[in-house]
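Keep in mind the model is a prediction, meaning the values are calculated, not measured.
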Amino acid sequence: MSRQRSRRAELPPAQENIEKLEKVVNDGNYYGAQQMYKSVSARYVSAQRYSEALDILHSGACIQLSHGQVTCGAELALLFVETLGKGKIPYDEEILERLKKIYKSFPRVSLPQNLWDVDDMQQLSENIGSAKTRVEGCSSFLKAAIKWSAEHGANNNGSPELHIMLAEYIFSESPEVDMAKVTYHFVRGNNPKKFASTLVSFLGKCYPGEDDLAIARAVLRYLSSGNLKDANILMEEIKKQTESAEVAFPKTELMQFITYLLQTLERDALPLFNMLRTNFKPSIEREPAFNEVR
């Protein structure tokens, strides 16, 4: 016990280390700073001074990311979340804001809309590699944060705000967007209007036949989680936004089915629901998520 007290007394206030380490990063010694962030924060964790360890790791993650050091920044971001768990820190708005600050520090780099419409293939390959590194780093950090939030005070699925951050980053930064992943996280979020904006953006650049499927998948995922309210908000918002944007709302049998399905579920009419399943079977077989709707 006395040894632990001694270790606590030996450690200076975290701010002293933060200032020294920031100077190392600003001088361009990113790798050296990384090792120091890890070793210094570990001493505070060992002394159970979790709040100061978090301050050091938070500062390190943000400054490394702001210098474009995604691998270093993502590693410190993960250590920040790991330390939240070790310190049994509860999920609250203050911690959410700190996680959000790290998230906003991850670089955003625009890729060509048509990836292959470029002259320099080597540069394209490098851009795609960097984008994948960014998405993997940010995804690992946010998935860990979502898991921690579910265990320390958020709902069972984890913080809705963190799910939305992850969905947005995957959509905006992935070289080839996986809309199934984007949908998974948006549906666990709390902002169907923002999801609608993302889907409308996707409609404007997706391949033929992907547009109605993306909307149907989103609606069905909401319904499979018992969230009829947000499914309706999503559809209304998509229709509204496609009217004001230069994007056509898909007019297919699948969209007809989704419209009728939402109307039927509002009335809780099981016979009509089963009739829809039979009449629109060829269209709904395009999306396996329908089988999750009961």
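Two residues are said to be in side-chain contact when any heavy atoms from C-beta on lie closer than 4.5 Å; Lys194 and Glu168 meet this criterion. The shortest distance between side-chain heavy atoms of Leu99 and Val81 falls below 4.5 Å. Ser105 is not listed as a side-chain neighbour of Ser66, based on a closest heavy-atom distance of 4.5 Å or more. The side-chain heavy atoms of Met179 and Val182, taken from C-beta on, include a pair separated by under 4.5 Å. Side-chain contact between Ile56 and Leu76: absent, with no pair of heavy atoms (C-beta onward) separated by less than 4.5 Å. Looking at Tyr169 and Ser174, their side chains never come closer than 4.5 Å, going by heavy atoms from C-beta outward. Ile215 places a side-chain heavy atom less than 4.5 Å from the side chain of Pro250. Looking at Ser130 and Val109, their side chains never come closer than 4.5 Å, going by heavy atoms from C-beta outward.
The heavy-atom pair separating Met255 from Asp212 by the smallest distance is CE-O, 3.3 Å. When all heavy atoms of Pro175 and Ala131 are compared, the pair lying nearest together is CG-CB, 3.8 Å. Between Ser140 and Leu78, the shortest heavy-atom contact is O-CD2, 3.4 Å. Across all their heavy atoms, Ala218 and Val187 have their closest contact at O-CG2, 4.1 Å. Scanning all heavy atoms of the two residues, the minimum distance from Tyr30 to Val25 falls at CE2-O, 3.4 Å. What you find for Glu22 and Tyr37 is that their closest heavy atoms are N-OH, 3.7 Å.
If you check the side chains of Ser159 and Tyr91, you find a donor sitting under 3.5 Å from an acceptor. Defined by atom type and a distance below 3.5 Å, a donor-acceptor pair is present between the side-chain atoms of Tyr44 and Asn17. Using modelled atom types, one finds a donor on one side chain and an acceptor on the other under 3.5 Å when comparing Gln241 with Ser197. Side chains of His163 and Asn190: a donor-acceptor N/O pair is absent below 3.5 angstrom, by distance only.
Ionic pairing of Asp55 and Arg98 is present here: one or more N-O contacts between side-chain nitrogen and carboxylate oxygen are shorter than 4.0 angstrom. A salt bridge does not link Lys23 with Glu19: every distance from a Lys NZ or Arg NE/NH1/NH2 to an Asp or Glu carboxylate oxygen is 4.0 Å or more.
In this structure, Arg188 satisfies the cation-pi test against Tyr184, with its NZ or CZ atom closer than 6.0 Å to the six-membered ring centre and inside 45 degrees of the ring normal. A cation-pi geometry, defined here as NZ or CZ lying under 6.0 Å from the six-membered ring centre and within 45° of its normal, holds between Arg108 and Tyr103.
The hydrophobic cluster containing Tyr50 does not contain Ile95, counting ILVMFWY residues as joined when their side-chain heavy atoms lie under 4.5 angstrom apart, directly or transitively.
Taking CZ from Phe186 and CG from Asn191, the interatomic distance works out to 7.5 Å, rounded to the nearest 0.5 Å.
Taking the salt bridge (charged side-chain N to carboxylate O under 4.0 Å, His left out) definition, one finds that Lys100 meets it with Glu97, sequence neighbours left out. Partners of Lys20 according to the side-chain contact (heavy atoms from CB on, under 4.5 Å) rule, which considers only residues two or more places apart in sequence or in another chain, do not exist here.
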Pair His185, Met165 - check side chain to side chain contact (heavy atoms under 4.5 Å, CB included), show working.
CA-CA 9 Å; His185 290 291; Met165 290 179 212; over 6 Å; no
With salt bridge (Lys or Arg N to Asp or Glu O under 4.0 Å) as the test, would you mind laying out the steps for Glu52 and Arg49 before giving the verdict?
CA-CA 6 Å; Glu52 289 170 288; Arg49 288 167 63 170; 2.6 Å; yes
Please test Phe195 against Thr183 for side chain to side chain contact (heavy atoms under 4.5 Å, CB included), starting from the C-alpha separation and ending with a verdict.
CA-CA 8 Å; Phe195 187 14; Thr183 297; 3.7 Å; yes
Verdict with supporting geometry, Lys86 and Glu82, salt bridge (Lys or Arg N to Asp or Glu O under 4.0 Å):
CA-CA 6 Å; Lys86 286 181 178 177; Glu82 186 181 306; 3.3 Å; yes
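In the displayed structure, Asp27 atom CG is contacted under 6.0 Å by more than 12 heavy atoms of other residues, nucleotides or ligands.
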